[in-house]
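Heavy-atom basis, side chains included; hydrogens, waters and symmetry copies ignored.
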Amino acid sequence: MSEQVPDRRERRKALTRRSIADTAQRLFAERGFEAVTVAEIAVAADVAAKTIFNYFPTKEQLFFDAEPKLLPPDLPDASWTSPETLRQGLAEWACATAPLATPAAPPTNPTRPLANPAAPPTNPTRPLANPAGPLANPAGSLANPAVALAERAVVYRDSPLLRAHAREAFAAREAALSRAIEAGHLAISPGVMAALLLAAVREAWESALLMLADKGNPGDAAAHGRRILMNALDLLSRNRAPVRTPRPSSAPLDPQETLNLLNPPKPAQRGDRGGERVSIVRVARVAGVSATTVSHTLNGRRPVAAETRDRVLEAIRQLGYRPNALARGLRTNRSQTIGLVIPDITNPFYPALARGLQDVLRPAGYDEIISNTDGDRTRERAAIEQMIARQVDGLAFAVFHTHAEDLNPAIEAGIPVVRLGGTLVQDGVDLVHSDDEGGAAEATRYLLTRGYRRIGFICGPSAEGPAAERVSGYRSALLAAGVATDPELVAYTHFSRHGGAAGVSRLLDLSEPPDAVLCANDLMAIGALDAAGGRGLHVPGDLAVMGFDDIDAASLVRPRLTTMANPAREIGRACGMRLLERLSGEPAALIPTEIVIPARLVERESA
């Protein structure tokens with residue numbers, strides 16, 4: 001008898017947990033996720049709010065952790081030693097979630113309920129067996145699991161908070177996946193590859209969920225999501241990104257190796273040859289091979305015998321031959337250049353982003369053309385026209401004010417476009433960005449846990465692009481904590497040190513000034529430190545200041561800046577990988593993709 005008591009206790013706990021979850025799903029379906037409070041769920045489920053938090057620490061978990069669980073579990077400890085095993089392992093992990101799992105067959109005899117909720121419903125007249133005993137179902141969802149899942153999909157679709165939570169949940173798996181990729185030596189940049197893979201998984205997962213929300217058939221939605229997933233994983237598993245594998249003799253030369261070969265210690269001067277440019281034909285003549293063999297040696301498109309390859313490389317060294325990029329472009333219809341449009345080259349974030357882009361593009365034989373716009377829409381549009389005129393092969397666009405129609409000329413010219421930041425959804429445009437909304441929400445929650453309640457936000461002139469996402473995250477975190485938002489506490493200014501100083505000065509002049517400010521970037525936060533110091537305020541005693549980006553200067557100013565690390569170099573690398581995928585021309589690479597790189601709290605002295 002004593003052994004049965006714990007069993008009964010566990011059954012009661014399971015019953016209570018299931019009842020709370022079902023009640024919450026019913027209320028969410030009726031009124032929307034944001035409109036329902038935990039207190040209302042407690043009343044409807046006839047339990048104390050404390051009991052709910054014992055089972056579900058956050059309201060978001062009430063939604064996602066109800067059965068069947070929508071989010072994938074933690075990644076299993078796995079030893080992936082090849083792209084194929086990585087692909088298979090991730091596919092199995094992702095397809096175990098409700099939106100991507102193959103739905104059970106519909107009941108063949110609807111007069112009898114399920115004998116086992118985990119088994120196909122082939123015998124539905126008996127009551128539902130449950131380890132906790134008979135279970136009331138306030139939501140009525142167990143009668144039709146497909147309808148219940150569709151209702152949850154609608155709730156998810158209509159809730160910015162749930163979508164942000166899902167982004168954070170997938171991003172939280174990046175560290176574990178990165179370690180597994182690094183342990184298997186599957187990529188030079190494990191963190192970036194992990195972000196790309198999880199972006200593919202999340203896109204497939206969310207596509208299936210949104211198709212369900214639009215009254216799609218569960219089987220069709222799951223199949224649709226799995227197709228997206230497998231296409232993306234197939235593409236990535238072919239190692240479009242550089243991987244740590246030996247290069248065969250017929251493979252293209254590494255750019256640094258090529259640079260060394262084409263720059264001998266004492267190259268012959270053009271004047272020594274009477275002004276004649278060394279041609280591929282002359283290299284072929286000296287090496288005793290055809291010009292085609294020289295071309296194959298340099299680009300690796302055809303196998304070349306090791307002895308022949310050595311003769312060609314020796315001829316290149318002797319003659320100081322350099323390929324003619326213009327002629328190659330005319331022949332291949334590729335300029336081997338990528339355009340990068342940025343708003344402020346003096347902001348340290350953007351040089352770091354450009355370096356990450358170069359990390360990926362240069363080994364693939366591409367150079368960058370950088371255009372600075374000062375965040376002006378007219379200049380942004382002119383930069384696009386210039387990039388089209390220069391016949392760039394791809395365009396990375398890190399700007400805030402451009403509208404969808406401004407990108408149409410590049411799209412119509414057949415140029416792959418990756419937008420860095422913002423949430424603009426447009427055919428032919430990929431998105432690569434940090435989790436701006438989630439990062440700002442985390443920063444705001446951090447300030448709230450430190451006891452600050454009147455928190456200001458310093459953002460750009462019109463809160464567009466990433467700044468708008470950060471304002472949204474800031475406001476959602478305040479609302480979730482029960483702190484009223486005050487429009488006066490949001491200052492619109494310039495994305496610069498001077499703008500940050502001007503914005504915080506405006507807030508400090510209010511009749512009720514803030515006790516903390518969150519800035520849209522670190523330069524603005526440094527300006528806020530300047531303004532606070534000029535007024536004799538102690539940071540963080542009189543005013544806490546927090547930034548976003550974690551540029552190098554954030555750790556050099558005094559007090560050292562507490563901020564959200566926005567991994568610029570990783571964002572650049574992910575952008576480069578995505579552009580190379582698009583340039584591959586494979587059908588799976590042409591599906592617009594969103595890649596989210598998580599932001600990370602860096603706690604220092606200013607807050």
Side-chain angles (χ1 to χ4, degrees), residues 343-350 374-375 400 436 439-440 442-471 473-475 477-478 483 485-566 599 601-607:
D344 183 8
I345 201 169
T346 65
N347 183 335
F349 176 83
Y350 293 106
D374 294 327
F400 303 141
D436 294 297
E442 183 178 352
T444 306
R445 288 193 293 268
Y446 169 80
L447 292 172
L448 289 168
T449 60
R450 304 285 287 184
Y452 301 104
R453 284 297 178 270
R454 192 158 172 80
I455 302 171
F457 193 95
I458 315 293
C459 69
S462 55
E464 291 187 284
E469 293 298 297
R470 292 171 190 176
V471 171
Y474 151 80
R475 286 176 171 153
L478 290 178
V483 177
T485 58
D486 184 349
E488 285 192 337
L489 287 177
V490 179
Y492 300 95
T493 181
H494 298 288
F495 291 105
S496 64
R497 186 170 183 170
H498 175 75
V504 80
S505 295
R506 198 177 312 149
L507 296 185
L508 291 174
D509 288 336
L510 294 172
S511 57
E512 292 184 59
D515 54 8
V517 290
L518 174 61
C519 300
N521 69 27
D522 284 344
L523 286 180
M524 301 169 87
I526 292 171
L529 293 178
D530 295 339
R535 292 178 178 235
L537 298 178
H538 176 263
V539 176
D542 299 318
L543 179 72
V545 176
M546 195 165 176
F548 208 109
D549 286 343
D550 195 30
I551 61 177
D552 287 343
S555 62
L556 302 177
V557 295
R558 291 292 181 270
R560 294 183 306 142
L561 191 63
T562 295
T563 185
M564 296 299 297
N566 187 14
L601 176 66
V602 180
E603 185 177 353
R604 294 194 179 102
E605 299 165 350
S606 67

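- Across all their heavy atoms, G500 and I458 have their closest contact at CA-CG2, 4.3 Å.
- To the nearest 0.5 angstrom, L537 atom CG is 6.0 Å from L508 atom CG.
- Here F457 pairs with Y474 under the ring-ring contact (aromatic ring centres under 6.0 Å, His included) rule; sequence neighbours left out.
- Remark: L529 CG to R558 CZ distance equals 11.5 Å, nearest 0.5 Å.
- Taking every heavy atom of both residues into account, V539 and A532 meet most closely at CG2-CB, 3.8 Å.
- In this structure, the side chain of D522 engages the main chain of F548 through a donor-acceptor pair within 3.5 Å.
- N347 meets the side chain to side chain donor-acceptor pair (under 3.5 Å) test with no other residue; sequence neighbours excluded.
- Within the structure, side chain to side chain donor-acceptor pair (under 3.5 Å) contacts touching residues 498-511 (residues at least two apart or in different chains) are D509-R535.
- When side chains are defined from C-beta on, L601 counts as touching M564, because their heavy atoms get closer than 4.5 Å.
- Residues passing the salt bridge (Lys or Arg N to Asp or Glu O under 4.0 Å) test with D486, sequence neighbours excluded: R454.
- By the side chain to side chain donor-acceptor pair (under 3.5 Å) test, S555 is found to be paired with no residue, residues two or more places apart in sequence or in another chain being considered.
- Side-chain contact between P348 and L523 is present, with heavy atoms from C-beta onward closer than 4.5 Å.
- The line from OG of S496 to CE of M524 is 7.0 Å long, rounded to the nearest 0.5 Å.
- D515 pairs by the salt bridge (Lys or Arg N to Asp or Glu O under 4.0 Å) definition with nothing, not counting sequence neighbours.
- Taking both residues in full, the closest heavy atoms of T485 and R475 are given as CG2-O, 4.0 Å, listed atom of the first, atom of the second, then distance.
- Between L489 and L510 there is a side-chain heavy-atom pair separated by less than 4.5 Å.
- Between the side chain of R560 and the backbone N or O of A554, no donor-acceptor pair lies under 3.5 Å.
- Scanning both residues, N566 and F349, for their nearest heavy atoms gives ND2-CE1, 3.3 Å.
- Between the R604 side chain and the L561 main chain, a donor and an acceptor come within less than 3.5 Å of each other.
- Residues meeting the salt bridge (Lys or Arg N to Asp or Glu O under 4.0 Å) test with E603, sequence neighbours left out: R450.
- Here D374 contributes atom CG and H494 contributes atom NE2; the two are 11.5 Å apart, rounded to the nearest 0.5 Å.
- Across all their heavy atoms, A528 and V504 have their closest contact at CA-CG1, 3.7 Å.
- Applying the salt bridge (charged side-chain N to carboxylate O under 4.0 Å, His left out) rule to pairs touching residues 538-548 yields nothing, sequence neighbours excluded.
- Of all the heavy atoms in L518 and A443, the pair that sits closest is CD1-CB, 3.8 Å.
- For the salt bridge (Lys or Arg N to Asp or Glu O under 4.0 Å) test, residues two or more places apart in sequence or in another chain that qualify with D549 are R470.
- The side-chain contact (heavy atoms from CB on, under 4.5 Å) search around A501 returns A531, not counting sequence neighbours.
- Applying the side-chain contact (heavy atoms from CB on, under 4.5 Å) test to A516 and every residue at least two apart in sequence or in another chain returns L447, Y452, I455, A544.
- When atom types are taken as modelled, the side chain of S606 and the backbone of T562 share a donor-acceptor pair closer than 3.5 angstrom.
- Residues forming a side chain to side chain donor-acceptor pair (under 3.5 Å) with R497 (at least two apart in sequence, or on another chain): D530.
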